Amino acid sequence: MSNKVGTIGVLTSGGDAPGMNAAIRAVVRVGLARGIKVMGIQKGYNGLLTGDVRELTARSVSDTVQRGGTILQTARCLEFLKPEGQQRGAEMCRVFGIDGLVVIGGDGSFQGAEKLANLGINTIGVPGTIDLDIACTEYTIGFDTAVNTAMEAINKIRDTSTSHERCSIVEVMGRNAGYIALWCGISSGAELVLIPEKGRPSDEEIIKTILQNKHIGKKNFIIIVAEGIGGSEKLAKKIQEITGIESRATILGHLQRGGSPSAVDRIHASMMGAKAVDLLCEGKAKRVVAYVGGQYVDYDINEALAMTKNIDEYMYEVSNLLV
Ligand code: ADP
Ligand code: F6P
């Protein structure tokens, strides 16, 4: 493998996700193993613009593989949306001698990486988001942990829901994507899963489903609502009002973004971080690492950003049959 790269930078951007630390650790240690100096950039593109950059050693990432969050912290950087911000970012890379940059984040972060690549900085994106909503890849770092965290919470909600014979509306994360909701629905045995990809059914349809389930002998009901659908409190009130079934809403919120990453997340994150470094070593730029058909592959960033992803229709159908 030819090694044209002397120094690389790594940053985490957008919403954090469990496993980001394992990805950072892999970038640092594989980078060092390839004879590359690695610089950690704090708080996403913000740190690049403010020069919040420090050298990372193998010891800087000790004891991090099991930690949630991101040791580099993350941020949303509005300045980077503007061409002047992007130019300053590229200049700062030059100031720090960074000739390759690994950006761990979601679609938005990849758009920033694409802009930097156009300004001559070799960039590689690593998919890090609990939402699983990056079209080019079958896996995004953080998804497995987030689903397991939500599933465990739903198990607990189910206990009390059963005791009281209630209907529980549980809202999970996913502003634009229903993957967390769908996986939680199947793994938790929900009566109904509401996801943005399918639109919101009417209250009447939702209530009809609950009454059908009551008719077949069910005594408690779990409805999983993706954040992008929202309105959980209102829905709980309406269900109680119309059916007489006591109903409660729980919004799980940011607890789904934290916690020690699962083995699945640690492994994908480690492999994707390593792949990003090796792509830079191969002289590649403007690429995104992806997991497809059991392999770690890479795509052109623009090609990746243009891809669209649909919810798995069969999974959605099955989620409705498992009641
Ligand atoms: P995610 O990466 O999780 O999708 P965001 O969409 O919030 O999160 O994007 C994270 C950051 O990436 C933004 O705050 C901004 O700094 C940068 N970014 C997003 N979109 C663009 C864009 N079109 N051009 C340049 N930078 C962008
Ligand atoms: O990381 C993705 C995500 O968790 C979305 O599901 C959610 O809508 C969003 O981030 C919330 O982000 P924040 O509260 O940090 O702005």
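Remember, it's a predicted structure, so these values are computed and weren't measured experimentally. Just so it is clear, the values below take in all heavy atoms, side chains as well, and ignore hydrogens, waters and symmetry mates.
Atom NZ of Lys286 has more than 12 neighbouring heavy atoms from other residues, nucleotides or ligands inside a 6.0 Å radius.
The salt bridge (Lys or Arg N to Asp or Glu O under 4.0 Å) test with Glu191 is passed by exactly one of Lys208, Lys218, Lys214: Lys218. Of the residues listed (Ile239, Thr243, Asn220), the one engaging Cys167 in a side-chain contact (heavy atoms from CB on, under 4.5 Å) is Ile239, and it is the only one. Partner Ser168 forms a side-chain hydrogen bond (donor to acceptor under 3.5 Å, both in side chains) with one of Ser161, Ser247, Ser232 and no other, that one being Ser161.
Ion pair Asp298/Lys284 flagged as a salt bridge, since at least one NZ, NE, NH1 or NH2 atom sits closer than 4.0 Å to an Asp/Glu carboxylate oxygen. Using a 4.0 Å cut-off between charged side-chain N and carboxylate O, Lys309 and Asp312 make no salt bridge. Salt bridge present: Asp278 and Arg34 bring a charged side-chain N and a carboxylate O closer than 4.0 Å. Taking a cutoff of 4.0 Å between a charged side-chain nitrogen and a carboxylate oxygen, Glu313 and Lys198 qualify as a salt bridge.
In this structure, the side chain of Thr137 engages the main chain of Tyr291 through a donor-acceptor pair within 3.5 Å. In this structure a side-chain-to-backbone donor-acceptor pair under 3.5 Å is present from Arg88 to Leu49. Distance alone, capped at 3.5 Å, is enough to place a donor-acceptor pair between the Arg158 side chain and the Gly189 backbone. Although no hydrogens or angles enter the test, the distance criterion places no donor-acceptor pair under 3.5 Å between the side chain of Thr74 and the main chain of Gly44. No donor-acceptor pair closer than 3.5 Å links the side chain of Asp265 to the backbone N or O of Ile141.
In this structure, Thr7 and Phe96 have side chains that are not in contact, with every pair of non-hydrogen atoms separated by 4.5 Å or more. A heavy-atom distance below 4.5 Å is not found between the side chains of Val323 and Gln212. Residues Met315 and Val318 have side chains not in contact (no heavy-atom distance under 4.5 Å, counting atoms from C-beta outward). A 4.5 Å side-chain heavy-atom check between Ile223 and Leu194 finds at least one atom pair inside the cut-off. Here the side chains of His268 and Tyr296 are in contact, with some heavy-atom distance below 4.5 Å.
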*Applying side chain to side chain donor-acceptor pair (under 3.5 Å), run through Glu152 and Asn148 and close with a yes or a no.*
CA-CA 6 Å; Glu152 281 166 25; Asn148 277 289; over 6 Å; no
*Test side chain to side chain donor-acceptor pair (under 3.5 Å) on Arg54 and Gln42 and set out the steps.*
CA-CA 8 Å; Arg54 68 193 155 104; Gln42 290 291 134; 3.0 Å; yes
*So Ser60 and Thr57, side chain to side chain donor-acceptor pair (under 3.5 Å) or not? Walk me through it.*
CA-CA 5 Å; Ser60 314; Thr57 67; 3.1 Å; yes
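Heavy atoms only, all atoms of each residue included: Gly31 and Val38 are closest at CA-CG2, 4.2 Å. Listed here is the closest heavy atom pair of Ile36 and Val277: CD1-CG1, 4.3 Å. Here the closest non-hydrogen pair linking Arg67 and Asn21 is O-ND2, 3.1 Å. Across Asn213 and Phe221, no two heavy atoms sit closer than the pair CB-CE2, 3.7 Å. Nearest heavy-atom pair, Val53 versus Gly47, reported as atom, atom and distance to 0.1 Å: CG2-O, 4.0 Å.
Checked against salt bridge (Lys or Arg N to Asp or Glu O under 4.0 Å), Lys219 has no partners two or more places apart in sequence or in another chain.
Lys115 forms no cation-pi arrangement with Tyr45, by the criterion of a distance under 6.0 Å to the ring centre and an angle within 45° of the ring axis.
Taking CD1 from Ile224 and CD1 from Ile180, the interatomic distance works out to 11.5 Å, rounded to the nearest 0.5 Å.
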